[in-house]
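Remember, it's 1-based here, ligands and their atoms both numbered in the order they're listed.
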Amino acid sequence: MQLRIPGPTPCPKEVLEAVGKPMINHRGTEFLPIISRLVQNLQKVFQTGNDVLLLSSSGTGGLEAAVASFIYPGDQVLATTIGYFGDRWAEIARRQGARVTLLEKPWGESISPVDLDEALYKNPGIKAVLITHTETSTGVTNDIKELARVAKKYNVRVFVDAVSSLGTTELETDEWGLDVVVSASQKGLMAPPGLALVSVSESAWCMYRKEYVRSFYFDLGMTKKHFDEKKQTPSTPALSICFGLDVALEMILEERLENVFYRHRSLAMGLRSRAANAGWQLFPDARIASDAVTALKVPDGVDGHGVVKRLKEEYGIEVGGGLGNFSGKIIRIGHMGNVHRTDIDKIVFALRAIR
Ligand SMILES: *Cc1c(COP(=O)(O)O)cnc(C)c1O
């Protein structure tokens with residue numbers, strides 16, 4: 001079976017071998033070099049000198065930690081959303097008691113710098129803006145670099161959901177001035193699910209007030225303190241995933257980041273043009289289409305669930321269906337992480353055959 005859902009993604013065999021290693025003492029000397037190397041290599045992948053913190057949770061836990069640690073009840077935030085995951089982050093902020101202003105675009109579109117400029121102009125008092133880098137539900141990538149530039153003009157902190165984009169799409173945390181960037185182990189980073197990764201800038205730490213943080217587990221200040229003082233995590237980390245991610249990051253850095261991004265770009269472009277040749281229509285505009293996940297429109301009169309089922313049963317390829325209102329209307333093909341030209345050939349063959 002070919003796992004072509006937009007996460008979790010297939011792990012290289014070296015990663016799976018590492019995941020199967022025996023347990024060690026997470027407060028002992030064996031774990032020290034592993035966690036230190038993990039953080040150093042994550043800094044390279046995030047392209048940052050900022051803290052990168054490890055949480056044992058899925059990516060959503062990282063989104064929750066970002067909000068719980070820096071956005072307090074009554075704080076104003078601008079939540080931008082272009083799909084399912086943007087909606088989710090806005091809801092997390094609401095539940096934490098933030099006053100959330102929504103900047104929403106229809107599914108399949110992106111947030112433009114002008115949209116953001118207008119929203120920040122109209123809403124003074126916004127403390128942070130939440131932005132999804134790649135919206136995995138629609139296959140759209142926002143231009144984070146330009147959006148961050150606008151936010152800086154208003155002195156607003158930039159929080160980025162990079163769960164599906166990190167390790168697939170260029171993202172320069174420091175160069176672009178991103179304050180909090182959230183990712184996870186199981187998409188572009190080629191490891192199993194179980195770790196959320198969060199980078200935090202100096203400017204974001206200036207917002208931190210321990211007395212206002214309502215969450216214990218997702219208190220990033222506590223996570224930082226344990227790492228800085230002891231190179232440990234506050235509670236037991238998902239050790240097996242740490243072992244796997246350690247190997248995966250070494251593989252990514254060995255291939256070199258620019259080559260990893262180039263590979264994803266060429267695979268995505270190849271898939272888009274070959275799917276178009278086979279009669280499939282891309283869901284978003286090609287100019288904003290993601291390099292990590294491709295969303296295709298299901299032909300009129302065809303049920304998308306049936307397409308997903310046929311790809312699985314007849315071709316052994318498991319893809320994602322549409323979420324929310326787009327259930328049955330689009331299919332989503334993940335091509336992040338450990339994915340190569342031959343994988344794209346297989347999916348194109350199947351798409352051609354069932355169209
Ligand atoms: C997958 C994903 C998430 C959620 O991650 P989980 O690990 O499932 O909690 C959040 N945001 C984006 C953009 C994603 O692709």
Hey, are [X] and [Y] close enough for a salt bridge, meaning a charged N less than 4.0 Å from a carboxylate O?
X: R263; Y: E255; value: yes
X: E91; Y: R88; value: no
X: E211; Y: R209; value: no

Tell me the protein heavy atom at minimum distance from [atom], and give that distance in Å.
atom: atom 11 (N) of ligand 1; answer: D161 OD2, 2.7 Å
atom: atom 15 (O) of ligand 1; answer: T136 OG1, 2.4 Å
atom: atom 2 (C) of ligand 1; answer: K187 NZ, 2.5 Å
atom: atom 8 (O) of ligand 1; answer: Q186 NE2, 4.0 Å
atom: atom 10 (C) of ligand 1; answer: F85 CD2, 3.3 Å

State the atoms of ligand 1, each with its element, that fall below the 4.0 Å cut-off from a heavy-atom position in [X].
X: S164; result: 13 (C), 15 (O)
X: S58; result: 6 (P), 7 (O), 9 (O)
X: T134; result: 13 (C)

Using the ring of each side chain (for Trp, its six-membered ring), is F326 parallel, tilted or perpendicular to W107, with breaks at 30° and 60°? parallel
Does any N or O of ligand 1 fall below 3.5 Å from an N or O anywhere on T60, backbone included? yes
G59 N/O to ligand 1 N/O under 3.5 Å: yes
Which pairs with one or both residues in residues 167-185 pass salt bridge (Lys or Arg N to Asp or Glu O under 4.0 Å), sequence neighbours excluded? K152-D179
At under 4.0 Å between heavy atoms, what of E135 touches ligand 1? The answer is neither
Between H133 and ligand 1, find which residue part has any heavy-atom pair under 4.0 Å and reply side chain, backbone, both or neither. neither
Flag the pair P22 / I24 as yes when at least one side-chain heavy-atom distance between them is below 4.5 Å, and no otherwise. no
Does any non-hydrogen side-chain atom of T233 lie less than 4.5 Å from one of F227? no
Taking the six-membered ring of F243 as reference, does the cationic atom of K21 (NZ for Lys, CZ for Arg) lie under 6.0 Å from its centre and within 45° of its axis? yes
